[in-house]
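Written below as structure tokens is the structure these notes are about.
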Amino acid sequence: MSQAPLVDLLDLLDLEQIEENIFRGRSRPAIVPRVFGGQVAAQALVAAGRTVPEDRLPHSLHAYFLRIGDPGAPIVYTVDRMNDGRSFTARRVVAVQHGQPIFALSASFQRWEEGMEHQAPMPSAPDPESLPTAEELLPTYGLDPAVVRKALEARAAVDLRYVDDPPYGRYGEPREPRSQVWFRANGKLDDDPLLHVVLATYVSDMTLLDSILLAHGRGGWAVGDVVGASLDHAMWFHRPFRADEWLLYDQESPSASGGRGLGQGRIYTRDGRLAISVIQEGVVRVPRPKT
């Protein structure tokens with residue numbers, strides 16, 4: 001497969017510095033007519049990382065999606081250097097479009113050090129090579145061809161393979177609120193560890209709310225039976241990993257209420273190391289009947 005989509009994504013994430021602590025990014029069309037949340041989160045993390053010593057990598061981020069982003073307008077990221085300690089560095093980033101904040105992120109970076117070790121075990125999952133690719137799978141579900149085309153274009157930089165049918169692949173009947181996907185960049189990345197963290201941040205927003213839809217037998221964006229958007233997003237980076245090698249994203253939803261749903265996930269390397277923990281809450285509403 002051509003690496004052009006991955007090259008395009010890396011170019012999208014390579015922000016322009018327009019002043020000290022101020023960066024500018026652009027967007028591209030997403031599956032829905034707004035800026036993809038994973039894109040703005042990844043770009044904000046890039047902006048923060050550009051102001052941090054190279055020997056410190058993100059260990060956590062906490063973010064809020066404040067307004068819908070306009071994919072046709074540039075995004076300006078301003079970085080507040082909150083703290084520079086001996087071991088930890090903290091940054092706050094605000095993304096602005098049309099004079100209004102659309103996204104806010106706080107991230108903490110740490111110099112590597114030895115420490116106590118334990119982790120939750122990796123759950124069982126089939127090998128990624130045994131699963132169909134998105135190009136093989138999506139056309140089999142009877143979706144609108146325009147929806148399939150947009151989905152494949154939006155995810156062309158990432159090889160993402162569902163262990164079981166996604167919400168839009170088998171909807172109408174509630175299932176267990178749990179989903180697993182394998183993913184990796186669709187091409188080779190360089191060895192910059194921050195880049196791998198940024199790519200995982202980008203992908204982490206693609207499927208995390210799926211488990212909410214599964215619990216209610218909803219198909220989601222592809223069939224239009226829910227209205228949804230990310231509200232907040234938190235990640236903790238536990239161990240080194242490469243985003244161009246297979247990662248298992250194990251996701252579940254413990255709760256949905258009040259028009260919101262909670263998704264939580266763990267991302268493991270193929271050899272079983274817990275690399276990342278993720279939690280996100282999103283708006284998940286059933287459209288009102290037309291009268």
Side-chain angles (χ1 to χ4, degrees), residues 30-32 34 36-38 41 62-65 68 120-126 128 130-132 134 137-144 147-148 150-151 154-155 158 160-183 200-236 247-268 274-290:
I31 297 174
V32 292
R34 57 176 180 254
F36 170 51
H62 302 261
Y64 282 93
F65 298 91
I68 292 174
M122 181 179 181
S124 61
S130 69
L131 303 171
L137 194 64
L138 261 66
T140 68
Y141 289 135
L143 300 172
D144 184 330
V147 170
V148 173
K150 285 184 179 180
R155 296 181 176 179
V158 179
L160 190 148
R161 306 189 186 193
Y162 278 88
V163 169
D164 198 358
D165 288 319
Y168 49 82
R170 192 171 85 245
Y171 60 96
E173 180 180 333
R175 290 186 265 163
E176 181 184 2
R178 183 177 178 185
S179 176
Q180 290 182 320
V181 297
W182 286 98
F183 73 89
T201 300
Y202 179 85
V203 178
S204 68
D205 189 40
M206 286 184 173
T207 62
L208 189 52
L209 300 184
D210 281 0
S211 52
I212 301 167
L213 304 179
L214 293 175
H216 300 271
R218 296 283 169 169
W221 60 268
V223 298
D225 61 357
V226 295
V227 177
S230 303
L231 288 171
D232 58 13
H233 197 78
M235 303 181 72
W236 293 264
L247 297 167
L248 177 67
Y249 198 0
D250 186 69
Q251 303 150 91
E252 64 179 346
S253 174
S255 176
S257 65
R260 308 181 316 277
L262 187 70
Q264 57 190 28
R266 292 171 174 168
I267 299 178
Y268 292 84
L274 177 58
I276 310 169
S277 295
V278 192
I279 296 180
Q280 180 182 101
E281 189 172 47
V283 173
V284 184
R285 295 177 177 140
V286 177
R288 296 177 181 175
K290 295 181 180 180

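- Using a 4.5 Å heavy-atom threshold, the side chains of Thr140 and Leu137 count as touching.
- The shortest side-chain heavy-atom distance between Val278 and His233 falls under the 4.5 Å cut-off.
- For the pair Ile276/Tyr249, no side-chain contact is recorded, criterion being any heavy-atom separation below 4.5 Å from C-beta on.
- The shortest distance between side-chain heavy atoms of Val223 and Leu143 falls below 4.5 Å.
- Closest heavy-atom contact between Gly282 and Leu209: CA-CD1, 4.1 Å.
- Ser253 approaches Ser211 most closely through the heavy-atom pair N-OG, 3.2 Å.
- With Trp221 contributing its side chain and Gly228 its backbone, the two residues share no donor-acceptor pair below 3.5 Å.
- Within a 6.0 Å radius of OH in Tyr64, no more than 12 heavy atoms belonging to other residues, nucleotides or ligands are found.
- Here the CD1 atom belonging to Ile267 is positioned 12.0 Å from the CH2 atom belonging to Trp182, to the nearest 0.5 angstrom.
- Taken from CD1 in Ile279 to CG in Leu208, the straight-line distance is 9.0 Å, to the nearest 0.5 Å.
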Q: Take Val283 and Val227 through the side chain to side chain contact (heavy atoms under 4.5 Å, CB included) test and state the conclusion after the steps.
A: CA-CA 7 Å; Val283 173; Val227 177; 5.8 Å; no
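- Proximity of a side-chain donor or acceptor of Tyr268 to a complementary backbone N or O of Pro121 within less than 3.5 Å is detected.
- Here the closest heavy-atom approach between residue Asp164 and residue Arg175 is recorded as OD2-NH1, 4.0 Å.
- Of the possible donor and acceptor atoms, one in the side chain of Asp232 sits under 3.5 Å from a partner among the backbone N and O of Glu281.
- The main-chain N or O of Arg266 is never found under 3.5 Å from a side-chain atom of Ser277 such that the two would form a donor-acceptor pair.
- Side-chain atoms of Arg34 never come within 3.5 Å of backbone atoms of Ile68 as a donor-acceptor pair (strictly under, hydrogens ignored).
- Residues Ala256 and Ile212 come closest through the heavy atom pair CB-CG2, 4.2 Å.
- By the 4.5 Å heavy-atom criterion applied to side chains, His216 and Val286 are not counted as neighbours.
- What you find for Pro139 and Ala134 is that their closest heavy atoms are CD-O, 3.9 Å.
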Without placing hydrogens or testing angles, list every side-chain donor-acceptor pair under 3.5 Å for residues 166-173, not counting sequence neighbours.
| unit_1 | atom_1 | unit_2 | atom_2 | d |
| --- | --- | --- | --- | --- |
| Arg170 | NH1 | Asp165 | OD2 | 2.9 |

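- Note that CZ of Arg155 is 8.0 Å distant from CG of Leu138, once rounded to the nearest 0.5 Å.
- Contact between Val284 and Gly261 at its shortest, heavy atoms only, is CG2-N, 4.2 Å.
- With hydrogens and angles disregarded, no donor-acceptor distance shorter than 3.5 Å links the side chain of Gln251 to the backbone of Gly265.
- Atom-to-atom distance recorded for Gln180:CD and Ser124:OG is 6.5 Å, nearest 0.5 angstrom.
- At least one donor-acceptor pair under 3.5 Å links the side chain of Arg218 to the backbone N or O of Asp225.
- Under the 4.5 Å side-chain criterion, counting only non-hydrogen atoms from C-beta, Leu214 is not in contact with Arg178.
- Within the 4.5 Å cutoff, no side-chain heavy atoms of Thr207 are placed close to those of Ser179.
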